[in-house]
Amino acid sequence: MIRKCSVMKVFSGMQDEYKKRHNEIWPEMVDMLHEYGAKNYSIFLDPKTNNLFAYLEIENEELWSKSDKTEINQKWWKYMKDVMETNVDNSPVSIELKEIFHLD
């Protein structure tokens, strides 16, 4: 299992909306995440900084790298761009974190 994590940022005042949208995540988005190998996916919020900490586990980096090009993922990014920092292609501004310690 490959563990991945990143930091993103939700806009000030949009934390509740961000949470609401994830609580109502589209079934087809969940299906895509599973199809491309995502497991044990969590997102945490630091309410003081609006930073989001995303953690997930994948089985195959090559397969996972193709998930961002799916139609449903592109639709999700467009849906989320008004509540969080995004790039020009609507993808979240995301800083990948490097694992330096793990304990089972």
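Looking at K9, its side chain does come within 3.5 Å of a backbone N or O of T49 through a donor-acceptor pair. For Q74 (side chain) and D68 (main-chain N/O), a donor-acceptor pair under 3.5 Å exists by modelled atom type. In this structure a side-chain-to-backbone donor-acceptor pair under 3.5 Å is present from N60 to E62. In terms of modelled atom types and a separation under 3.5 Å, the side chain of E24 and the main chain of H22 share no donor-acceptor contact.
Within the 4.5 Å cutoff, no side-chain heavy atoms of W76 are placed close to those of K81. For the pair R3/H102, a side-chain contact is recorded, criterion being any heavy-atom separation below 4.5 Å from C-beta on. Residues L52 and V7 are not in side-chain contact: their nearest non-hydrogen atoms beyond the backbone lie 4.5 Å or more apart. The shortest side-chain heavy-atom distance between W26 and I72 falls under the 4.5 Å cut-off. By the 4.5 Å heavy-atom criterion applied to side chains, I2 and E59 are not counted as neighbours.
H34 contributes atom NE2, which lies 12.5 Å from atom OG of S67 (distance to the nearest 0.5 angstrom). The OG atom of S6 sits 11.0 Å away from atom CG of N51, with the distance rounded to the nearest 0.5 Å.
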Start with the C-alpha gap between D16 and K19, add the side-chain angles, then the distance that decides, and say whether side-chain contact (heavy atoms from CB on, under 4.5 Å) holds. CA-CA 5 Å; D16 290 341; K19 182 178 180 184; 5.7 Å; no
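Geometrically, R21 engages Y79 in a cation-pi contact defined by less than 6.0 Å to the ring centre and at most 45° from the axis.
Checked for salt-bridge contact, E61 and K4 meet the test: a charged N lies under 4.0 Å from a carboxylate O. For the pair E71 and K75, the salt-bridge criterion is not met [side-chain N within less than 4.0 Å of a carboxylate O].
With hydrogens and angles left out, the side-chain atoms of N90 and T86 include no donor and acceptor closer than 3.5 Å.
Between W64 and Y41, the ring planes lie perpendicular to each other; the angle is over 60°, past the 30° to 60° tilted range.
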